[in-house]
Amino acid sequence: MAMDAEHMPVIVGVGQYNDRPENPDDGLDSLGLMEQALRRADTDAGGGWLGDIDWLGTVDQISWPQLGEITGPLSARIGANPRHRTTTSMASGDSPIFLLNEAANAIGAGEAKVAAVVGGEALRTAAHFVKKGNGGFSSVRESSMQRAPSFRKRYGLVGPVDLYPLYENASRAAYGQTLAEGQDESAAIWSRFAQVAAGNEGAWIRRGATPDEIKTPSENNRPISHPYNKLMVANSSVNQGAGYIVTSLAEARRRGVPEQNIIYVGLGAAGHEPDDPLGRDRYDRSPSMAVSINRALELNRLKADDLDHVELYSCFPTVPKMARRVLNWPLEKPATVFGGLTFGGGPIGNYMAHAVVSMVHKLRQSGRFGLLFANGGIATHNHTIALSTEPFAGAQFPQDFHFQAEADNARGAVPQVVESYHGPATVETYTVLYERDGSPRFGVVVARTPDGERTLAKVPANDSEGIAFLVSGAAEPVGSSGTIVAGPDGDQIWQRA
């Protein structure tokens, strides 16, 4: 049964804003970026929508913690008085798609007539003020570091840049790729991202980049954590805001929105992995990612061949590489409409709001169907949704987009983590962490004991042969044997067999 127009969710207006003032002191804060994004979305929708917003969702922001609860001040600035106001519980990369799905549900349930989703991060300005001694950005970073469990923290596995390489190296080995082949794939995907960003006026870096520039370490492309260089990781030093207005098809038509500007919201699907990366069953794929993508296709009666455009989340290469294999998306086709988190810009949890903006623009220009896959945490939270220039057959809102039970059933047994172990082991996955000057800080091995337990070990920087074994590509470290011994300071040390 087709949904009636009064409850069929559509996007009618999108807006984004890049803030790059000549004087850094003049930079906007996160609230200002959100306001600018919604004002542009209102203009895109024909004007006159902001005062009628009765459902407002904002993506949690970290760059200006001193702003506190932001939906109240934002509502006041745009002249709205929404009955329902919400902010995501954390700045997670799936947040904009989660909120889009929630807004669509509110429209479908008749609980809202006009909904808005928005987010913004002013990390560029916040960092500037920290250097001047009057900002709150550093405290946010420190608290994030302190949340890492002590065992992982001891071995340097704290933030995304330390942990995503575990997936990269494990999945590359599972694909049967050499290190060079894996880097070539990453560079090919990223160079296409750079090309898309170069043609997108909303992107932060628009100069383009060749595959060789991306995969080759240099003074401006230093190694971050093996096998990632600077041009392969999210660029969070941005001031960016983006948002969109969602309403019913009937309301859009009553207000005279041109049919060619109306974009229909499809059904979504979400699932997540255990929060602690050491509590995952594997690192060569994500069961909840596969459930999220496949379920979204099924719910919207789509196949990959039906998709004209996709956005596959791209904080680090391993995520779109895993996602494109689930989707069977060809390497030669761009996996972004915005430009990726390196070149489009990586405003912490709000990147996918920019992807929504770009997807709407893209669909208005060409094609029928677009798919948006979002990822948050450390390959933790997955949410996929479809957009179209036409109604989705059979779509009914509100929907329950949680498919966690299915994701849990798709997961294998999780090995027990042991924090003290000495003896033989094999490499499950690994990385090498680097100093800012490009020298190795140390290597990290995620190892499995003969009993199948999981533990961690370091490869000291002065073990040049051990570091070379991990980064040279001459042999495959994943699956190789070695021994974990006690180090002089209590660390577990990896020694090759």
Side-chain angles (χ1 to χ4, degrees), residues 4-19 28-61 64 67-88 95-122 202 239-265 350 353-354 356-357 360-361 364 387 397-398:
D4 67 275
E6 293 290 350
H7 300 92
M8 185 178 293
V10 297
I11 298 174
V12 292
V14 295
Q16 59 187 339
Y17 187 71
N18 283 356
D19 178 46
L28 295 176
D29 60 15
S30 300
L31 177 60
L33 291 170
M34 293 183 197
E35 177 190 359
Q36 292 298 325
L38 283 184
R39 292 196 180 282
R40 280 158 176 73
D42 182 58
T43 298
D44 182 61
W49 294 82
L50 297 184
D52 295 327
I53 292 172
D54 51 6
W55 190 102
L56 176 64
T58 63
V59 176
D60 185 36
Q61 59 86 33
W64 291 81
L67 289 172
E69 197 285 321
I70 211 164
T71 59
L74 179 60
S75 297
R77 285 204 183 184
I78 62 174
N81 185 28
R83 295 192 305 272
H84 178 88
R85 303 191 320 225
T86 186
T87 297
T88 56
S95 297
I97 303 304
F98 165 78
L99 288 173
L100 173 58
N101 218 155
E102 289 278 84
N105 276 350
I107 298 295
E111 296 171 354
K113 183 175 287 187
V114 180
V117 175
V118 70
E121 287 284 5
N239 282 12
Q240 292 182 301
Y244 27 94
I245 296 170
V246 184
T247 189
S248 68
L249 176 61
E251 186 69 13
R253 287 174 172 168
R254 278 194 290 269
R255 293 184 181 230
V257 178
E259 291 290 327
Q260 65 269 22
N261 285 359
I262 294 173
I263 299 298
Y264 296 82
V265 182
N350 200 48
H354 293 271
V356 170
V357 172
V360 167
H361 286 315
R364 285 173 177 173
L387 299 181
F397 291 90

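All residue numbers refer to positions in the sequence shown, counting from 1.
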K.L.:
What pair of heavy atoms forms the shortest contact from Gly243 to Val357, and how long is it?
P.N.:
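Smallest heavy-atom distance, with atoms named: O-CG2, 3.8 Å.
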K.L.:
If you compare all heavy atoms of Gly202 against all heavy atoms of Gln16, which two are closest, and at what distance to 0.1 Å?
P.N.:
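Heavy atoms only, the tightest pair is CA-NE2, 3.7 Å.
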K.L.:
Considering all heavy atoms of both residues, which atom of Ala103 and which atom of Ala115 are nearest to each other, and what is their separation?
P.N.:
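Minimum heavy-atom separation between Ala103 and Ala115: CB-CB, 3.9 Å.
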K.L.:
Do you know the tightest heavy-atom contact between Ala109 and His7?
P.N.:
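Shortest heavy-atom separation between Ala109 and His7 comes out as C-CD2, 4.3 Å.
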K.L.:
Walk me through it: do Phe98 and Thr88 pass the test side chain to side chain contact (heavy atoms under 4.5 Å, CB included)?
P.N.:
CA-CA 9 Å; Phe98 165 78; Thr88 56; 4.2 Å; yes
K.L.:
Measure the shortest side-chain to side-chain distance between Leu99 and Thr86 over non-hydrogen atoms and say whether it is less than 4.5 angstrom.
P.N.:
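In contact.
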K.L.:
Tell me whether Asn239 contacts the main-chain N or O of Asn18 through its side chain, where contact means a donor paired with an acceptor under 3.5 Å.
P.N.:
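Between the backbone of Asn18 and the side chain of Asn239 there is no qualifying donor-acceptor contact (under 3.5 Å).
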K.L.:
Just do the side chain to side chain contact (heavy atoms under 4.5 Å, CB included) check on Ile11 and Leu100 with the steps written out, would you?
P.N.:
CA-CA 9 Å; Ile11 298 174; Leu100 173 58; 4.1 Å; yes
K.L.:
Hey, mind stepping through Leu33 and Trp64 against side chain to side chain contact (heavy atoms under 4.5 Å, CB included) and telling me if it holds?
P.N.:
CA-CA 12 Å; Leu33 291 170; Trp64 291 81; over 6 Å; no
K.L.:
Is the shortest heavy-atom distance from the side chain of Arg40 to the side chain of Thr43 under 4.5 Å?
P.N.:
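SC-SC contact between Arg40 and Thr43 ruled out.
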K.L.:
Heavy atoms only: give me the nearest Leu28-Asp19 pair and the separation to one decimal.
P.N.:
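Reported closest heavy-atom pair: N-OD2, 2.7 Å.
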K.L.:
Are side-chain heavy atoms of Gln240 and His354 found at a separation under 4.5 Å?
P.N.:
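A side-chain contact under 4.5 Å exists here.
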K.L.:
First locate atom CZ of Arg77, then atom CD of Gln36, and finally report the distance between them rounded to the nearest 0.5 Å.
P.N.:
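It is 9.0 Å, given to the nearest 0.5 Å.
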K.L.:
Report the distance from atom CE of Met34 to atom CD1 of Ile78, rounding to the nearest 0.5 Å.
P.N.:
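CD1 of Ile78 is found 11.5 Å from CE of Met34.
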K.L.:
Testing the basics here: between Thr247 and Lys113, what is the closest heavy-atom pair and its distance to 0.1 Å?
P.N.:
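Closest heavy-atom pair between Thr247 and Lys113: OG1-O, 2.6 Å.
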K.L.:
If I take atom CD from residue Glu251 and atom CZ from residue Arg254, how far apart are they, to the nearest 0.5 angstrom?
P.N.:
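Reported to 0.5 Å precision, the distance equals 4.5 Å.
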K.L.:
Are any non-hydrogen side-chain atoms of Leu74 and Leu38 less than 4.5 angstrom apart?
P.N.:
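Of all side-chain heavy-atom pairs linking Leu38 with Leu74, at least one is under 4.5 Å.
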K.L.:
Examine distances only and state if a side-chain atom of Asp54 and a backbone atom of Arg83 form a donor-acceptor pair shorter than 3.5 Å.
P.N.:
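Looks like no, no N/O pair under 3.5 Å.
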K.L.:
Is there a side-chain contact between Ser248 and Met8 (heavy atoms, below 4.5 Å)?
P.N.:
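A side-chain contact under 4.5 Å is absent here.
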K.L.:
Let's go through Tyr17 and Arg39 carefully: what are the C-alpha distance in whole Å and the side-chain angles of both, what is the deciding distance for side chain to side chain contact (heavy atoms under 4.5 Å, CB included) to 0.1 Å, and is it a yes or a no?
P.N.:
CA-CA 10 Å; Tyr17 187 71; Arg39 292 196 180 282; over 6 Å; no
K.L.:
Would you say that Leu31 contacts Glu35 through its side chain, given a criterion of any heavy-atom pair below 4.5 Å between the two side chains?
P.N.:
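The answer is no, as the side chains (C-beta and beyond) never meet within the 4.5 Å cut-off.
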K.L.:
Nearest 0.5 Å please: distance from the CD atom of Gln61 over to the CG atom of Asn350.
P.N.:
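Rounded to the nearest 0.5 Å, the CD-CG separation comes to 10.5 Å.
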K.L.:
Side chains of Val265 and Leu387: does their closest heavy-atom pair fall under 4.5 Å?
P.N.:
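The answer is yes, as the side chains (C-beta and beyond) meet within the 4.5 Å cut-off.
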K.L.:
Would you give the length of the straight line joining atom CD1 of Ile97 to atom CD of Glu102, rounded to the nearest 0.5 angstrom?
P.N.:
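Between atom CD1 of Ile97 and atom CD of Glu102 there are 12.5 Å.
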K.L.:
Under a 4.5 Å cut-off applied to non-hydrogen side-chain atoms, are Phe397 and Asn101 in contact?
P.N.:
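Yes, at least one pair of side-chain atoms sits under 4.5 Å.
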K.L.:
Rounded to the nearest 0.5 Å, what separates atom CG in Asp29 from atom CG in Leu67?
P.N.:
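If I round to the nearest 0.5 Å, the distance is 5.0 Å.
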